[in-house]
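Since we're looking at a predicted model, the values are computed, not measured.
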Amino acid sequence: MRTRRPLSPAPAGRPSWRRRRLDPDHALGLRLTVAAAAAFLILVPFALLTLLVLGAWAPLRRLDNAVTDALHSYAQDHPAWVVLMRIWTEVFAPMPLRAVAVLLVVWLVRRGARRLALWAATTMIVGGLIGPLLKLLVGRDRPELLDPVARAAGYSFPSGHALNATLAAGVLLLVLLPYAGRGLGRAALWVGAVLLTVVTGLSRVALGVHFTSDVLGGWLLGVAVVAATTAAFTSWRAHTGRRPVRPTRDGLAPEVERQPGAA
């Protein structure tokens, strides 16, 4: 009777695929795994929110209507507030933010940071294409209000203003962090990015042209896109032997600030 030969262990110099993904000594595999998990975790709440919107979930609908009605009543009694929100939403609309992103890309190319410029352009383009596509797929109507203080065309979910503000804030933050130094400079940059994202989204609800869940969906989708493209860029850095960075602390390519042509 023939006996089975025991399975030979994997060669010592060639760990299994799973071990390479989770082994700290194989930094690229570990970073890819962590980045993929993070992007997935961000997309999960967005996917859940989308399903709730598609299913017209009653608690979410009641919350959206309650917030919209309260802010609409406030806007009708405070014309100056409406003017402020209109100015903000126009200044930080998708097209002006895309124009700023184009200027940033041109500046990075002139400094020789072509990879970083490609990352910035890809982030804005991918997010800018996904948003309108999801609007068509979901097909949610905008709030219907008596005596509205503002109007907007097209479908409602997710908010394009909230999405593009999140994309632009993420791109500007991760590119400019190396120039902010430490302490107050870095904190000011973070505060500016958060204000750009949050106030732009809230202005759409304040003007009654979006539900709260539309804005939340735009924020979640924008963060997911920035996280995914950032993961791809940091993986490229590791693959080419560049020193590891913490994007939220150091920016994506801190060497660009010191030495043009390094990224």
Side-chain angles (χ1 to χ4, degrees), residues 42-101 124 127-170 191-225:
I42 295 169
L43 283 173
V44 166
F46 174 77
L48 177 60
L49 180 62
T50 303
L51 291 175
L52 295 178
V53 169
L54 284 170
W57 191 47
L60 179 63
R61 189 170 66 249
R62 287 195 296 268
L63 175 62
D64 278 338
N65 289 333
V67 174
T68 297
D69 291 343
L71 290 177
H72 181 59
S73 297
Y74 183 85
Q76 288 182 314
D77 296 334
H78 297 83
W81 169 253
V82 175
V83 172
L84 176 62
M85 290 294 97
R86 281 181 174 174
I87 292 174
W88 186 284
T89 202
E90 290 297 329
V91 171
F92 299 107
M95 288 309 297
L97 292 177
R98 289 167 186 161
V100 172
M124 295 298 297
L129 292 176
I130 292 177
L133 177 61
L134 286 173
K135 281 180 180 283
L136 292 175
L137 292 176
V138 176
R140 186 188 203 184
D141 292 327
R142 292 180 183 270
E144 296 182 2
L145 298 169
L146 294 175
D147 192 20
V149 298
R151 297 184 184 275
Y155 291 119
S156 190
F157 182 90
S159 165
H161 278 67
L163 169 60
N164 283 276
T166 306
L167 295 172
V191 169
V194 171
L195 282 177
L196 169 61
T197 303
V198 172
V199 179
T200 301
L202 293 180
S203 71
R204 306 304 285 167
V205 185
L207 292 173
V209 295
H210 274 295
F211 293 110
T212 303
S213 55
D214 299 332
V215 170
L216 180 59
W219 286 338
L220 289 172
L221 182 59
V223 171
V225 171

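- Here CH2 of Trp81 is found 8.0 Å from CG of Leu71. Values are rounded to the nearest 0.5 Å.
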Inset, instruction - Could you walk me through whether Asp141 and Tyr155 pass side chain to side chain contact (heavy atoms under 4.5 Å, CB included), step by step? - result: CA-CA 5 Å; Asp141 292 327; Tyr155 291 119; 3.9 Å; yes

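- Taken to the nearest 0.5 Å, the CZ atom of Arg204 stands 13.5 Å off from the OG1 atom of Thr212.
- A salt bridge is defined here as a Lys NZ or Arg NE, NH1 or NH2 lying under 4.0 Å from an Asp or Glu carboxylate O, and Arg140 with Asp214 meets this definition.
- How far CD of Gln76 is from CG of Leu146: 8.5 Å, rounded to the nearest 0.5 Å.
- With His161 contributing its side chain and Gly218 its backbone, the two residues share no donor-acceptor pair below 3.5 Å.
- When all heavy atoms of Ala101 and Met124 are compared, the closest pair comes out as CB-CG, 3.8 Å.
- For residues 145-166, there are no salt bridge (charged side-chain N to carboxylate O under 4.0 Å, His left out) pairs, not counting sequence neighbours.
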Show the numbers, then the answer: is there a side chain to side chain contact (heavy atoms under 4.5 Å, CB included) between Leu97 and Phe92? CA-CA 6 Å; Leu97 292 177; Phe92 299 107; 4.1 Å; yes

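- Among the candidates Pro158, Ser156, Ser203, the single residue satisfying the side-chain contact (heavy atoms from CB on, under 4.5 Å) test with His210 is Ser156.
- Here the shortest heavy-atom pairing between Leu129 and Pro132 reads O-CD, 3.5 Å.
- Residues Ala206 and Ala75 come closest through the heavy atom pair O-CB, 4.0 Å.
- Here the closest non-hydrogen pair linking Ala169 and Ala193 is CB-O, 3.6 Å.
- Here the CE-CD distance, from Met95 to Glu90, works out to 12.5 Å after rounding to the nearest 0.5 Å.
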Contacts under 3.5 angstrom, residues 53-61 side chains, donor-acceptor by atom type, not counting sequence neighbours:
from: Arg61; atom 1: NH1; to: Ala56; atom 2: O; distance (Å): 2.6

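- The nearest pair of heavy atoms linking Trp219 to Thr197 is NE1-O, 3.1 Å.
- Each of Asn65, Leu63, Asp69 was evaluated against Val67; a single residue qualifies, Leu63, per the side-chain contact (heavy atoms from CB on, under 4.5 Å) test.
- Looking at Thr68, its side chain does come within 3.5 Å of a backbone N or O of Asp64 through a donor-acceptor pair.
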Given the rule in the side chain to side chain contact (heavy atoms under 4.5 Å, CB included) test, do Phe46 and Val223 qualify, once you have shown the distances and angles that lead to the verdict? CA-CA 10 Å; Phe46 174 77; Val223 171; over 6 Å; no

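- Of the candidates Thr200, Val199, Val198, Val198 is the only one forming a side-chain contact (heavy atoms from CB on, under 4.5 Å) with Leu202.
- Considering only heavy atoms from C-beta on, Leu167 comes within 4.5 Å of Asn164 through its side chain.
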